[in-house]
**Student:** 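Got a structure here, written out as structure tokens. Questions coming.
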Amino acid sequence: QVQLVESGGGLVQPGGSLRLSCAVSGSINSIVVMGWYRQAPGKQRESVTTITRGGMTNYADSVKGRFTISRDNAKNTMYLQMNNLEPEDTAVYYCNRNAWPMNWGQGTQVTVSS
């Protein structure tokens, strides 16, 4: 059973940057599609960005040009580089595979404050 653990959240000022990491137990190559999701207070969970095993990416319009998803197969790790952060990016961020069932971990808190 593959497990994913996200980390790297924190408190940053608007315009700042963070890099989130998602450590995958087992082989990351067994995951066809995986990505980052977030849930802000009072809002539903949403997909931020996804990446396929072949490297195809997709981004929500709200983060295009600011966030970059990547995966390092040798390290069994997926990353989310977050630049030019905005207060609206404040949320709990989760990594997950796009497969059923989707089991959610603890997430990592990203807070953008001014």
Side-chain angles (χ1 to χ4, degrees):
Q1 182 177 4
V2 65
Q3 296 184 35
L4 304 91
V5 180
E6 56 275 283
S7 63
L11 174 65
V12 297
Q13 295 183 348
S17 298
L18 281 175
R19 189 178 77 159
L20 306 184
S21 298
C22 178
V24 180
S25 63
S27 177
I28 195 172
N29 289 117
S30 68
I31 304 175
V32 179
V33 182
M34 63 191 304
W36 292 92
Y37 307 79
R38 68 184 182 187
Q39 186 169 28
K43 298 183 178 180
Q44 66 180 18
R45 198 195 315 272
E46 65 174 343
S47 175
V48 177
T49 174
T50 59
I51 186 168
T52 69
R53 186 165 53 194
M56 295 176 55
T57 59
N58 179 73
Y59 296 91
D61 288 341
S62 60
V63 306
K64 285 182 179 178
R66 300 188 299 118
F67 291 10
T68 303
I69 187 173
S70 63
R71 55 194 287 176
D72 188 329
N73 294 339
K75 295 182 178 180
N76 274 173
T77 304
M78 179 178 66
Y79 303 96
L80 180 64
Q81 180 64 48
M82 311 165 68
N83 298 326
N84 194 24
L85 284 161
E86 305 170 349
E88 292 74 18
D89 296 316
T90 296
V92 177
Y93 285 71
Y94 306 85
C95 65
N96 214 331
R97 64 194 186 104
N98 188 17
W100 191 263
M102 295 187 76
N103 299 313
W104 303 98
Q106 295 297 112
T108 184
Q109 175 71 232
V110 172
T111 302
V112 185
S113 65
S114 63

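The first residue of the sequence shown is numbered 1, and numbering continues consecutively from there.
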**Student:** Do M82 and R66 pass the side-chain contact (heavy atoms from CB on, under 4.5 Å) test, and can you show the C-alpha distance, the side-chain angles, and the key distance before you say yes or no?
**Tutor:** CA-CA 6 Å; M82 311 165 68; R66 300 188 299 118; over 6 Å; no
**Student:** Less than 4.5 Å apart, side chain to side chain, heavy atoms only: is that true for T77 and I28?
**Tutor:**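 No. Closest side-chain heavy atoms not under 4.5 Å.
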**Student:** Please tell me whether V63 and L18 are part of a single hydrophobic cluster in this structure, the criterion being side-chain heavy atoms less than 4.5 Å apart.
**Tutor:**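 Same cluster.
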**Student:** Working to the nearest 0.5 angstrom, can you tell me the gap between N96 CG and C22 SG?
**Tutor:**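 Between atom CG of N96 and atom SG of C22 there are 8.0 Å.
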**Student:** Would you find a donor on one side and an acceptor on the other, under 3.5 Å apart, between the side chain of R71 and the backbone of M34?
**Tutor:**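 Such a contact is absent between R71 side chain and M34 backbone.
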**Student:** Any side-chain to backbone donor/acceptor pair from E6 onto C95? Under 3.5 Å, distance only.
**Tutor:**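 Yes.
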**Student:** If hydrophobic clusters are built by linking Ile, Leu, Val, Met, Phe, Trp and Tyr wherever their side-chain heavy atoms come under 4.5 Å apart, do L80 and Y94 end up in the same one?
**Tutor:**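 The answer is no; the residues belong to distinct hydrophobic clusters.
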**Student:** Give me the atom names and distance for the closest heavy-atom approach of Q109 to A91.
**Tutor:**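 Scanning both residues completely, I find the closest heavy atoms to be OE1-O, 3.4 Å.
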**Student:** Between N76 and A23, is there a donor-acceptor pair closer than 3.5 Å when you use the side chain of the first and the backbone of the second?
**Tutor:**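 Flag not set: sc N76 to bb A23 has no pair under 3.5 Å.
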**Student:** Output every pair passing side chain to side chain donor-acceptor pair (under 3.5 Å) with a member in residues 16-31, not counting sequence neighbours, ordered by first then second residue.
**Tutor:**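 For residues 16-31: S17-N83.
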**Student:** Members other than Y79 in its cluster, when Ile, Leu, Val, Met, Phe, Trp, Tyr link by side-chain heavy atoms under 4.5 Å?
**Tutor:**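 Members other than Y79 - counting any ILVMFWY side chain reachable under 4.5 Å - there are none.
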**Student:** Same hydrophobic cluster for Y93 and V12, using side-chain heavy-atom links shorter than 4.5 Å among ILVMFWY?
**Tutor:**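 As far as the 4.5 Å side-chain criterion goes, V12 and Y93 are connected within one cluster.
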**Student:** I need the M78 CE to D72 CG distance, nearest 0.5 Å.
**Tutor:**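 Going from the CE atom of M78 to the CG atom of D72 covers 12.5 Å.
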**Student:** Kindly compute the distance separating CG (N58) from CE (M56), expressed to the nearest 0.5 Å.
**Tutor:**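 Output value for this atom pair is 9.0 Å.
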**Student:** Rounded to the nearest 0.5 Å, what separates atom CZ in R38 from atom CZ in R45?
**Tutor:**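 Reported value, rounded in 0.5 Å steps: 13.0 Å.
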**Student:** Under 6.0 Å between ring centres: does that hold for W36 and F67?
**Tutor:**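 Judged by ring-centre distance (under 6.0 Å), W36 and F67 do not meet the cut-off.
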**Student:** Would you confirm whether Y59, through its side chain, and I69, through its main-chain N or O, come within 3.5 Å as a donor-acceptor pair?
**Tutor:**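 Yes: the side chain of Y59 pairs with the backbone of I69.
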**Student:** To the nearest 0.5 Å, how far apart are CG in N98 and OH in Y37?
**Tutor:**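 One finds 4.5 Å between CG of N98 and OH of Y37.
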**Student:** Could you note down all residue pairs passing disulfide bond (SG atoms under 2.5 Å apart) where residues 63-93 supplies at least one of them, sequence neighbours left out?
**Tutor:**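 For residues 63-93: none.
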**Student:** Donor-acceptor pair, T90 side chain versus V112 backbone, under 3.5 Å?
**Tutor:**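 Yes: the side chain of T90 pairs with the backbone of V112.
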**Student:** Give a yes or no on whether M102 and L4 share a hydrophobic cluster (residues Ile, Leu, Val, Met, Phe, Trp, Tyr; joining criterion: side-chain heavy atoms under 4.5 Å apart).
**Tutor:**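 No: no chain of side-chain contacts under 4.5 Å links M102 to L4.
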**Student:** To the nearest 0.5 Å, what is the distance between OG1 (T52) and CD1 (I31)?
**Tutor:**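 Nearest 0.5 Å value for the OG1-CD1 distance: 12.0 Å.
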